[in-house]
Amino acid sequence: MAPQDRAHHKGQAHDLHLLGLEKTYGNYHAVRGIDLHVPAGHMVSLIGSSGCGKTTTLRMIAGLETPSAGSIRSGDIVLSEGRQMLPPEARDMGMVFQTYALWPHMTVAQNVGYGLAQKKLGKAEIADKVRQVLDIVNLPSHAERYPSQLSGGQQQRVALARAIASEPRTLLFDEPLSNLDAVLREQMRFEIRSLQQRLGITAIYVTHSQEEALALSDSIAVMREGRIVQSGDPTTIYSLPETEFVAAFIGLANILTLSGASRDGQSLVGRLGTSQPIRAAAGAIETARDPLKICVRPVEITVLGAGAAIAPGMNSLTGTVRDTIFTGGLVDYFVRLDAAPEIELRVQSTPPIRARKGEPVTLVFDPSRTVALRD
Amino acid sequence: MTTGTLRTDPPARSQRFAVNWGWLAWFVSILWLFFLVALPVGVIVISSVFDEGVSLDHYAAFFTSSALLTATLNSLLVAVGIAGLSLLIGGPLAFGVARTEMRFKGLVRATMIIALISPEFLLAMGYILLAGPNVGYFNVLIRGAFGIEGASGPLNVFSLGGLILTALPNGVAFVFLALVPAFTNMDPALEEAARVRGASALRAVRDITLPLMRPAMLSGALLAFATSLAMFGPPQMLGINVLTVAIRDALVRLNFATASVAAMVLIGLSLIALFIQRWAVRHVERYRTLGGKSFGARTIDLGWGTHLLTALGLVYGVVSLVIPYGAMTAASLMKSIGNGFSGDNWTLDNYRVVFTDPGILKAATLSLTLATTSATLVAVMGVVVAYVILRVKARGRALLDYLAILPLAIPGTALAFALIVVYLNWPMNMLGIYGTPTILLVAYLARFIPLGVRNSQTTLLQIAPELEEASRVFGASELKTLLRITAPLILPAIVYTWLLVFIMAIPELSASVILRGFGTQTLSTALLGIWSGNGGLAVASAFGMSIFIVVGVLFGLAAWFARRSGLLRGVQLA
């Protein structure tokens with residue numbers, strides 16, 4: 001698609017606004033008040049473990065569930081307000097379902113053109129558009145096949161083509177990659193991202209995979225028990241998690257509990273067992289908590305030999321390597337700490353292997369990469 | 001979408017509209033099953049305990065009447081005998097076809113399918129031609145060969161044993177059809193494990209295979225048991241006093257009290273059998289789901305056992321397919337049955353009579369009309385009821401589910417009796433349908449409801465709700481979604497149900513024979529009249545063969561259609 005097309009679409013994009021959105025089934029609160037703003041043309045991931053309410057939220061945006069309270073707006077159109085809602089067919093959405101939900105009795109072309117036909121476009125126009133979209137998803141020669149004649153990856157592409165064919169106001173993705181194998185999943189991830197950016201359509205992407213969320217989205221909303229616990233752009237979510245839950249859910253994390261914590265200038269300081277003071281200069285440092293939970297990513301820790309000189313101002317812990325695992329691009333070390341033998345830190349660094357099983361080591365990490373957590 | 005404000009009214013109305021569709025379907029389903037199933041069954045129960053106040057007098061009278069006790073005993077003996085013999089014959093044949101290199105597999109399969117689709121009175125006619133005590137071909141042959149004096153015997157098909165043998169092929173087919181998939185789907189590794197531990201092939205079959213087959217064996221045998229209880233044609237033709245015949249005799253004598261208790265006993269026995277059968281099948285399903293993958297049918301070398309199976313298959317195929325149908329075909333082409341297989345005794349006149357006799361043509365017209373109407377209504381309402389049971393969030397869905405399969409346990413004679421009581425009494429007598437074709441239609445609808453609902457349920461279960469949701473999201477209204485997505489996907493089930501109901505309605509006998517009026521002969525009642533009256537056995541044979549050929553062709557069509565649309569898996573015949 002030419003650049004001016006993209007500009008054209010960008011100009012038409014609409015933001016999406018969820019306000020106080022709730023859904024209850026009897027006594028069960030599936031969604032307990034979601035506030036979320038998706039700027040026009042942005043892609044936001046809703047991520048969380050199963051049962052956190054992410055899919056229910058997506059289905060309310062699509063109009064497939066009636067919200068119990070709250071409102072949904074797309075641009076200046078109110079999609080739902082309390083229990084009053086526009087039916088799904090009036091919302092101008094495109095959606096990729098987890099099971100693809102391709103209609104088995106229709107050809108690929110009929111599947112993709114279905115939404116266009118509902119918009120009362122002419123036959124020639126529909127055929128044109130279908131061809132164009134199938135080109136985009138690299139299936140130009142499959143128009144007359146039936147879904148059952150396609151591989152899983154091809155079905156996925158058809159589902160994607162169907163979702164974008166009618167140039168909807170909003171694109172919805174419901175764990176679209178969870179049925180694909182790992183290689184295909186990674187490939188489709190990039191394709192979905194570049195397509196969404198090229199078309200500039202506002203999009204919501206529901207997933208339980210942190211890799212997908214990090215790779216795909218402009219911003220991420222982490223959900224737990226029907227609420228958004230933290231949202232922000234991928235780098236912020238990853239490097240400045242606010243809670244232990246978010247830290248552990250997005251990426252690998254060492255969570256340490258410091259005692260005797262207190263404020264010291266721009267950082268918080270505490271001790272792990274009998275260790276030297278450990279300093280956290282990132283994250284929720286406005287108020288000192290005691291005990292204080294901190295998060296250090298395995299890749300932020302450097303492995304040095306026992307007794308090595310430590311640069312001033314760095315955090316350090318000593319310990320013994322319990323195990324070392326070589327995985328190609330990275331080496332994993334599991335280190336038992338001298339100051340708190342019940343704790344094992346995970347460390348990841350690029351090869352070569354710096355310490356073997358049973359060897360004493362010193363672990364060094366930067367206070368500015370040490371994140372104080374709220375809880 | 002160009003409006004900038006929330007359009008409160010249209011969506012709210014559309015939501016209310018959406019709820020109304022579901023509720024309308026729910027309401028129609030309740031009415032449908034109430035009038036066709038709950039009301040007749042309720043009437044049987046009530047009339048069995050009601051005689052100027054609630055009492056068990058009818059039951060007391062029933063159990064002190066030796067004729068009725070004999071009928072009950074006969075029914076049980078016949079049903080148990082058929083179920084047992086069906087296992088003995090159908091079990092080994094199913095194993096042979098599924099798992100060994102036995103020969104004549106095609107003949108065995110054909111015998112089973114033909115037994116299943118044959119009108120129940122057809123084989124009885126064939127065996128009467130063969131083993132009737134006076135002029136049965138076998139008896140004539142045997143008497144001639146051994147120089148036996150006298151004009152009758154030694155075989156007599158007009159006996160309890162004769163009835164069992166006559167109705168056996170149907171039961172054998174049920175057991176066979178239940179067991180072949182079970183044998184085919186079984187993991188051969190289980191048997192191989194036993195053989196590795198030193199067991200012989202036969203021993204592996206006995207210790208490993210047979211116990212695993214128990215649910216399927218139970219299921220097939222109980223189906224054979226229930227259908228044997230419900231049959232009316234063969235015992236009527238052979239003059240054996242069983243419960244279905246007793247119900248009709250009581251009705252002829254206007255003894256409704258006896259008829260109701262006999263119906264209750266019959267329904268009670270069928271319910272028990274079907275309840276256990278469903279329990280057994282559910283067990284099978286669970287087992288199959290756990291297995292998941294399908295195993296290529298692996299054959300076992302049984303040595304001389306294979307030849308035994310081949311012999312059994314050949315004898316069974318000849319005795320229950322080739323000879324009776326051959327006799328029927330021969331008789332249908334004879335000028336006079338008494339003259340036997342002589343050179344100048346052949347004619348097509350019998351068929352000419354069948355296709356020109358005004359009485360038969362009238363009966364054919366009525367049967368075709370009834371079959372067409374009932375097939376259409378059962379297929380369409382099957383979808384509606386299945387939709388309510390599976391997709392509409394409304395109360396009473398479990399009840400609907402039970403009501404929809406209850407007719408399987410109601411023999412046609414019992415149902416017909418119930419409809420007489422319902423439509424002869426206030427308030428339903430005001431409809432004035434007693435003695436008209438309409439009451440036959442009501443009976444057919446009630447009998448075939450389970451077929452429609454179960455086929456649609458199987459198909460609907462395969463249609464994921466996301467397919468309908470996707471249509472909504474991509475801009476189609478609820479009605480349009482129904483027309484463009486749901487209806488095309490469920491259409492194969494509707495067509496298949498239609499064909500099956502049509503096939504079963506054409507030769508329907510047990511309800512028709514009780515409900516027909518003077519002007520409302522169906523094909524099967526007309527045939528029975530010609531058979532037992534003065535029309536002649538040859539014409540009756542031609543008539544029976546004609547019905548059989550029509551039904552057979554239609555069944556072939558249904559099977560072809562099912563295979564083409566991928567429906568065969570999961571769709572049940574009964």
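This structure is a prediction, so every number in the text was calculated from the model and none was measured. Lettering of chains follows the sequences in order, A, B, ..., and the numbering in each one begins at 1.
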Task: Heavy-atom side-chain proximity of B/Glu469 to A/Arg59 below 4.5 angstrom - done: yes
TODO: Flag the pair B/Lys480 and A/Glu89 as a salt bridge only when some basic side-chain nitrogen lies within less than 4.0 angstrom of an acidic carboxylate oxygen.
DONE: no
TODO: Supply the atom-to-atom distance B/Ile490 CD1 to A/His105 NE2, rounded to the nearest 0.5 angstrom.
DONE: 12.0 Å
- [ ] Might you point out which heavy atoms bring B/Ser471 and A/Tyr114 nearest each other, and give the distance in Å?
- [x] OG-OH, 2.7 Å
Open item on the list: Is there a side-chain contact between A/Pro87 and B/Arg472 in this structure, where contact means two heavy atoms from C-beta onward sitting under 4.5 Å apart?
Closed with: yes
Open item on the list: Using side-chain heavy atoms (C-beta onward) and a distance below 4.5 Å, is A/Trp103 in contact with B/Arg484?
Closed with: no
TODO: Would you name the heavy atoms of B/Leu467 and A/Leu102 that are closest together and state the gap between them?
DONE: CD2-O, 3.2 Å
TODO: Could you check if a side-chain atom of A/Met106 sits within less than 4.5 angstrom of a side-chain atom of B/Ile485, using non-hydrogen atoms only?
DONE: yes
Which atom pairs, one a donor and one an acceptor, fall under 3.5 Å between side chains of residues 25-32 of chain B and the rest of the protein, sequence neighbours left out?
unit_1	atom_1	unit_2	atom_2	d
B/Trp26	NE1	B/Arg395	O	2.7
B/Ser29	OG	B/Ala25	O	2.7

Task: Residue-level interface, residues 155-166 of chain A with chain B, non-hydrogen cut-off under 4.5 Å - done: A/Arg162, A/Ala163
Task: Part of A/Leu172 lying under 4.5 Å from any heavy atom of chain B - done: neither
Task: Contacts of B/Val453 that satisfy side chain to side chain contact (heavy atoms under 4.5 Å, CB included) - sequence neighbours left out - done: B/Val385, B/Ile389, B/Ala404, B/Ile449, B/Gln457
Open item on the list: I'd like to check the salt bridge (Lys or Arg N to Asp or Glu O under 4.0 Å) partners of B/Glu466; sequence neighbours left out, ordered by chain and number.
Closed with: none
Open item on the list: Less than 4.5 Å to any heavy atom of chain A: does that hold for the side chain of B/Ala476, its backbone, both, or neither?
Closed with: both
TODO: Write down the atom of A/Pro104, the atom of B/Leu489, and the distance for their closest heavy-atom approach.
DONE: CG-CD2, 3.5 Å
